[in-house]
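Report on the following structure.
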Amino acid sequence: MLFYTVFFFFLMIRRPPRSTLDRSSAASVCIRDRVSITKVFKYRCFEPVEGLALFDEALDNRHTLWNKLVEIDRDFREKSTQIITPIQSDYQVLDQEIKNLQDSIKAIKRKTRSTAKEETRNIQDTIKELKVKRKEAYQEFKRLKHEAIEREKPLLDCLNNERKEKVKQLRSESGLHGFNFDDVIHNIYDVARIKAMKQGTLLQFKRYSKNGKIAVRPYSSSPLYGSNIHRVNTIFYIEPVNQELYNSPIRGVRKKASVTQCHIRVGSADKGKPIFVTLPMVYHRPLPMDGKINAINVKRHYIDHKPIYECLITVTYSIEAPTINPNSCVAVDLGWRMTKDGLRAAYATDTDDKTIECIVTQRQLNEFDTIRGLSSTRQKHFNDCIHVIKAWMANKNLPDWLTDAVAYIDKWKSYKHIFDLYDAFLQHKKSGNQEIVSYLEAYIERENHLRTWQSNLQDQVIARRNYEYQNFAAKLANMYDVLVLEKLSITDIVKHQKAIIGSQQSTALDRNRTIVAPYELKTILINAFTNRGKQFVEVNASYSTKVCHHCGALEEVHQSSIMHTCTQCHTVWDQDYNACINLLALYNHDNKVGVSCV
């Protein structure tokens with residue numbers, strides 16, 4: 001892991017620096033009196049009526065290409081590790097010692113969960129002391145890493161060039177059209193590789209699950225616009241709809257008229273003739289006529305065993321720049337606090353102290369509880385089935401095929417292993433097995449019913465939650481010109497909360513955070529403002545919830561409560577409201593907006 005981290009710094013040294021904003025980030029670009037916006041239009045599709053086999057083949061080829069790229073990258077990492085001289089530092093010793101102590105804590109918690117806190121108290125104190133020493137040793141370790149990179153840079157460059165050549169050779173071997181090959185390389189592999197080097201991990205092989213996408217991108221020499229999306233071309237086109245019915249005031253008529261077909265290229269025949277996959281499509285919303293199409297993706301994912309197809313079209317278009325009033329701003333604090341009305345996902349406050357809440361209602365929480373209950377029931381049935389299989393096998397002379405089938409039964413985590421065992425029994429029909437076969441049939445029938453129920457319910461509940469988020473975001477975007485958010489990653493929030501609350505009490509908070517999906521809400525909020533040509537700002541706000549907006553005192557607040565009384569000025573405030581006021585204060589102090597005009 002040490003040497004994998006080295007290469008991330010090596011890569012960062014070679015990359016040109018990027019200009020950044022200290023307390024804000026750009027959302028869109030204002031050109032004179034027009035605002036350029038990039039938006040993804042999503043359309044529901046259905047199973048291809050032509051080229052289903054080609055669609056499956058393209059997904060399989062993309063999956064195979066990824067695994068070959070992983071193999072190349074792992075070979076590069078292994079050879080690079082041999083080139084760089086191992087770095088000897090106290091940091092490595094301290095880091096390994098901390099990991100060993102953390103593993104011992106996990107082992108104690110697995111055995112005695114109720115008394116683990118008391119038993120691991122001394123180990124936790126030791127870890128804290130070692131972390132302080134590790135932090136001091138890290139600077140020396142960092143210096144040694146940079147020296148090793150500079151010393152071996154020529155060899156690393158040579159090795160990296162060999163890796164790039166191997167990747168180029170895969171273009172002709174992959175069986176993919178150029179669009180899909182470039183998409184895997186630039187949008188998936190390159191991004192994942194940088195992330196893996198940063199985290200000191202390896203890229204992982206993937207099992208083919210029939211999920212995935214095919215992608216095309218219009219040529220720069222012949223751009224594709226919304227106005228000619230219905231014209232036949234060699235990349236992608238949508239069959240025209242009946243405009244008279246499409247614009248009908250009757251919703252049912254419009255709905256029927258919006259059903260058409262789209263054609264996306266997956267390859268080439270002789271002499272470069274394009275090969276298309278044809279999918280039924282619900283063209284419920286027209287593309288902007290002047291919008292330039294940047295990319296088209298057709299995705300497929302499964303809900304239980306039912307395939308779901310979507311067409312995602314990324315379009316850049318311009319709208320008239322709205323008049324932005326910097327004082328018309330609203331601050332939004334994201335969270336997952338439980339209130340009397342439900343789970344508070346967001347709290348918004350403007351400069352006039354007007355507040356708006358986004359609540360996941362109690363009814364929706366009950367639906368999420370139902371999903372969790374179904375998952376628990378499925379897990380219980382799975383454990384019971386494993387127990388019955390082991391009891392049936394006890395004191396029996398098993399045939400070789402059955403011994404192989406249940407060799408790793410103690411490590412089974414998925415219901416699919418039981419399905420495979422049932423298929424093995426059907427292939428080797430013998431007397432004396434009817435009892436266990438009948439039990440497995442009953443389990444499979446029950447598992448299919450519960451899994452379908454859980455998958456469909458989860459899909460519906462998440463769709464309803466996101467619909468409420470979109471309404472909340474649209475309401476704010478129609479009322480205000482500037483959105484102010486805290487610049488803080490969800491990972492940092494989770495680590496901070498677990499450090500304060502402790503792992504034994506964090507289960508409920510983790511569950512609430514999963515229900516709220518704050519990153520999803522944040523994305524919806526940003527899209528609502530940028531799609532209207534308005535602005536958003538992210539401010540670096542440390543302790544925005546803890547600092548009293550009235551007197552500036554740093555308070556110790558309780559995560560489980562909403563209201564807090566300041567110990568200095570005795571002002572009573574809502575923690576989320578307090579955070580919003582602090583965000584607005586930082587925005588006014590910085591006087592920076594989320595749009596850069598040129």
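Both backbone and side-chain heavy atoms feed into the values below; hydrogens, waters and symmetry mates do not.
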Quiz item: Yes or no on side-chain contact (heavy atoms from CB on, under 4.5 Å) for Cys358 and Glu468, after CA distance, side-chain angles and deciding distance?
Solution: CA-CA 8 Å; Cys358 181; Glu468 295 297 330; 5.6 Å; no
Quiz item: Would you say Ser80 and Arg77 make side-chain contact, with heavy atoms under 4.5 Å?
Solution: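 Side chain of Ser80 against side chain of Arg77, heavy atoms only: no contact under 4.5 Å found.
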Can [X] and [Y] be counted as an ion pair, charged N to O under 4.0 angstrom?
| X | Y | answer |
| --- | --- | --- |
| Arg464 | Glu367 | yes |
| Asp369 | Arg372 | yes |
| Lys166 | Asp75 | yes |
| Asp56 | Arg300 | yes |

Say whether, by atom type as modelled, one donor and one acceptor occur between the side chain of [X] and the main chain of [Y] under 3.5 angstrom.
| X | Y | result |
| --- | --- | --- |
| Arg62 | Lys213 | yes |
| Asp459 | Ser455 | no |
| Asn61 | Glu57 | yes |
| Asn100 | Gln96 | yes |

Practice problem: Might you work through the ring-ring contact (aromatic ring centres under 6.0 Å, His included) test for Phe55 and Tyr309, ending with a clear yes or no? | Solution: CA-CA 11 Å; Phe55 190 95; Tyr309 293 84; 5.6 Å; yes
For residues 379-393, tabulate all N or O donor-acceptor pairs below 3.5 Å that involve a side-chain atom, not counting sequence neighbours.
{"from": "Gln379", "atom 1": "NE2", "to": "Asn383", "atom 2": "OD1", "distance (Å)": "3.1"}
{"from": "Lys380", "atom 1": "NZ", "to": "Asp384", "atom 2": "OD2", "distance (Å)": "3.1"}
{"from": "His381", "atom 1": "ND1", "to": "Arg446", "atom 2": "NE", "distance (Å)": "3.1"}
{"from": "Asn383", "atom 1": "ND2", "to": "Gln379", "atom 2": "O", "distance (Å)": "3.3"}
{"from": "Lys390", "atom 1": "NZ", "to": "Asp410", "atom 2": "OD1", "distance (Å)": "2.6"}

Kindly check if the number of other-residue, nucleotide or ligand heavy atoms within 6.0 Å of [atom1] ([X]) is above 12?
| X | atom1 | value |
| --- | --- | --- |
| Asp400 | CG | no |
| Trp453 | CH2 | no |
| Glu357 | CD | yes |

Under 3.5 Å, which donor-acceptor pairs do the side chains of residues 63-70 form with other protein atoms, sequence neighbours left out?
{"from": "His63", "atom 1": "NE2", "to": "Asn67", "atom 2": "ND2", "distance (Å)": "3.3"}
{"from": "His63", "atom 1": "NE2", "to": "Lys206", "atom 2": "O", "distance (Å)": "2.5"}
{"from": "His63", "atom 1": "NE2", "to": "Tyr208", "atom 2": "N", "distance (Å)": "3.1"}
{"from": "Thr64", "atom 1": "OG1", "to": "Asp60", "atom 2": "O", "distance (Å)": "2.9"}
{"from": "Trp66", "atom 1": "NE1", "to": "Gln204", "atom 2": "O", "distance (Å)": "3.1"}
{"from": "Asn67", "atom 1": "OD1", "to": "Lys206", "atom 2": "N", "distance (Å)": "3.0"}
{"from": "Asn67", "atom 1": "ND2", "to": "Lys206", "atom 2": "O", "distance (Å)": "3.2"}

Quiz item: Does any donor atom in the side chain of Glu441 or Tyr422 lie under 3.5 Å from an acceptor atom in the other side chain?
Solution: yes
Quiz prompt | Donor on one side chain, acceptor on other, Arg451 and Asn448, under 3.5 Å | solution =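 Judged by distance alone, the side chains do pair up.
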Quiz prompt | Row check, Phe76 ring normal vs Arg193 NZ/CZ: under 6.0 Å, within 45° | solution = yes
Quiz item: Would the Tyr283 and His230 ring centres measure less than 6.0 Å apart?
Solution: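 Yes, close enough.
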Quiz item: Once you round to the nearest 0.5 Å, how far does CG of Leu343 lie from CG of Asn512?
Solution: 4.5 Å
Self-check item: Criterion ring-ring contact (aromatic ring centres under 6.0 Å, His included) on Tyr246 and His284, from CA distance to verdict
Solution: CA-CA 9 Å; Tyr246 191 75; His284 66 282; 9.3 Å; no
Exercise. With side-chain contact (heavy atoms from CB on, under 4.5 Å) as the test, would you mind laying out the steps for Trp412 and Asp420 before giving the verdict?
Key: CA-CA 12 Å; Trp412 286 2; Asp420 293 339; over 6 Å; no
